[in-house]
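As structure tokens, the structure follows; a few thoughts come after it.
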2 protein chains.
Amino acid sequence: MTARSSSESARDIPEATVARLPVYLRALNALADDGIRTCSSEELALSAGVNSAKLRKDLSYLGSYGTRGVGYDVDYLRYQIAREIGVTQDWPVVIVGIGNLGHALANYSGFRSRGFRVVALLDADETRHGEVVAGVDVRAFGDLEEIVETHGVAIGVIATPAGAAQDVADRMVGCGITSILNFAPSVIVVPEGVDVRKVDLSIELQILAYHEQRKANVT
Amino acid sequence: MTARSSSESARDIPEATVARLPVYLRALNALADDGIRTCSSEELALSAGVNSAKLRKDLSYLGSYGTRGVGYDVDYLRYQIAREIGVTQDWPVVIVGIGNLGHALANYSGFRSRGFRVVALLDADETRHGEVVAGVDVRAFGDLEEIVETHGVAIGVIATPAGAAQDVADRMVGCGITSILNFAPSVIVVPEGVDVRKVDLSIELQILAYHEQRKANVT
DNA sequence: CTCAATTTGTTCTCGCGTTCACAAACTCCT
DNA sequence: AGGAGTTTGTGAACGCGAGAACAAATTGAG
Ligand SMILES: NC(=O)c1ccc[n+]([C@@H]2O[C@H](COP(=O)([O-])OP(=O)(O)OC[C@H]3O[C@@H](n4cnc5c(N)ncnc54)[C@H](O)[C@@H]3O)[C@@H](O)[C@H]2O)c1
Ligand SMILES: NC(=O)c1ccc[n+]([C@@H]2O[C@H](COP(=O)([O-])OP(=O)(O)OC[C@H]3O[C@@H](n4cnc5c(N)ncnc54)[C@H](O)[C@@H]3O)[C@@H](O)[C@H]2O)c1
């Protein structure tokens, strides 16, 4: 209701919903690939692996893009979600730490297809410089500032050992990066206004181990 | 209070707490490496990146392992958390899909040091068979059942393309695996009693992109 | 021994997220 | 045109987790 000036979707979307929108987008892309042009909240919820009421409520935060009695137009909804998330535009990304994981990330094609473009691969180890991974040169970490400025990079990925993560984060923040994805198993501290998300494989396994142990103990 | 027979910590720990226990364990290990033998909830919370009240509440689910006026004994608490999570024992793990990501995972030393042992690397692609990664042979996916039985594997990791993930999961469940870590960007369906956790890098980046876009729009 | 200082364990309150349930809106068939 | 069937969008109830606040327990000094 409260139409806010001419600017459109300015109301804030709950964080839990934001985290699910990419899942819906993925499910919609899969449906579109199968030639499906329309779907109900029930069908979409099924392929996204969530409850249909939750799906509808999530979508309602974006606006009323469905038709009662009919469902959602796959292409239209797909575009609306992509626009809301911000993946209709291209996001330049730098990856720091081109070891085992960094190589895998650089080679990952799912990046590009979802609106992210790896513009630079940086590593402190001189012996890695000049190597070309997935068409991108590995360069010196010292080139960070120049690259960020040139390409207008806002998102950085940390794939260095834990000990270097805070230093890398500081340098990233220092030259204007405001979103960081951290794969190193360490807590990094950043100023307000900078977003950090962490991915920690060991933690995921430990959570599984906890539940596994409980299953065994019940027996 | 309600001491439950002779069996000890049988009450259930909130999921949100379970997800943080590995973070505390990591922080405690770092403190121990620095030679610190005792710490307060405030100090531990700081290095784990959480609120100290939350930390104390989390730890209280495990029991009363601290001393009022003093704090926590680092080694003792470390052991108690490790025991609760189940990482005092060794968990055999199989990884399926030895491509870019599978290689990185197989080479990751953080696995072993946290109680997980990669007992097999499996891939459907014959040309990969026989390759040795981090001391482990890449074998045929068809060997899954034999390996799971031989080593008593309960945890499986999926690093195949999305299209193969459900099939791999079905085979894993079929031979007794009850915990799955899925890196493929697809929803996999499993019977009740089987735990699945997913890690999706693209989703993490899209969440960052959303917030990044909002920062830009406010300007 | 007593008292001040410290720090844990727990209670209480608040807000967010999930889910149910249903009115509103749309389609299609007769 | 009207009514039956379908499906969305949302109000309301509920449960869980976060954080503030405090009582209980311990230490150490005088
Ligand atoms: N490999 C995995 O599957 C995996 C899984 C989960 C987490 N991780 C974490 O991801 C990180 C990277 O893992 P990895 O296996 O690729 O390690 P790695 O040792 O293979 O690679 C780390 C790279 O970072 C570079 N580096 C070190 N310090 C740097 C600095 N200050 N600036 C720039 N580059 C620097 C090194 O030269 C090296 O190339 C680690 O923190 C690890 O714990 C890895
Ligand atoms: N590389 C990354 O950094 C990255 C990041 C995020 C997510 N992912 C996801 O992880 C998965 C693996 O990525 P990748 O880059 O390693 O891909 P990849 O193509 O390099 O490797 C996939 C491997 O799986 C094997 N495989 C295919 N079907 C199989 C089956 N039915 N059984 C067993 N093995 C099978 C292939 O032979 C191949 O070796 C993909 O789903 C990808 O979307 C990868």
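In what follows, every chain begins at residue 1, and chains take the letters A, B, ... in the order their sequences are listed.
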| task | Quick one: closest heavy-atom pair of A:S52 and A:S41, and the distance? | result | CB-O, 3.9 Å

| Does a donor on one side chain and an acceptor on the other come within less than 3.5 Å for A:Q166 and A:S186? | no

| said: Tell me whether the side-chain N/O atoms of A:Y72 come closer than 4.0 Å to OP1 or OP2 in D:dG9. | reply: yes

Quick one: which protein N/O atoms are closer than 3.5 Å to N/O atoms of nucleotides 12-16 of chain D? Pair and distance per line, please.
from   : atom 1 : to    : atom 2 : distance (Å)
D:dA12 : N6     : A:K57 : NZ     : 2.9

| query | Between C:dT19, D:dT10, D:dG17, which one does the side chain of A:S60 approach most closely? | reply | D:dT10

| task | Using only heavy-atom distances, determine whether the side chains of A:D73 and A:T38 contain a donor-acceptor pair under 3.5 Å. | result | no

| message | If you apply the rule side chain to side chain contact (heavy atoms under 4.5 Å, CB included), what do you find for A:I177 with A:V153, and how did you get there? | response | CA-CA 7 Å; A:I177 283 179; A:V153 178; 4.2 Å; yes

| said: When you measure from the side-chain N and O atoms of A:N51 to the phosphate of C:dG17, is any distance below 4.0 Å, counting only OP1 and OP2? | reply: no

| request: Give a yes or no on whether the ring-centroid distance for A:Y72 and A:Y65 is below 6.0 angstrom. | output: no

| task | Strictly below 4.0 Å, heavy-atom distances to any atom of DNA chain C: list the hits from residues 26-50 of chain B, or just say none. | result | B:S40, B:S41

| query | Can you name the one residue among A:V157, A:L181, A:V199 that meets side-chain contact (heavy atoms from CB on, under 4.5 Å) with B:L201? | reply | A:L181

| If each of B:S64 and A:R20 is mapped to the nucleotide of DNA chain C with the nearest heavy atom, which maps nearer the 5' terminus, i.e. the 5' end? | B:S64

| query | Of all the choices, D:dA18, D:dG9, D:dT26, which nucleotide is nearest to the side chain of B:T67 once you look at every atom? | reply | D:dT26

| note | Comparing nearest nucleotides in DNA chain D, the 5'-proximal residue of the pair A:D58, A:G69 is A:G69

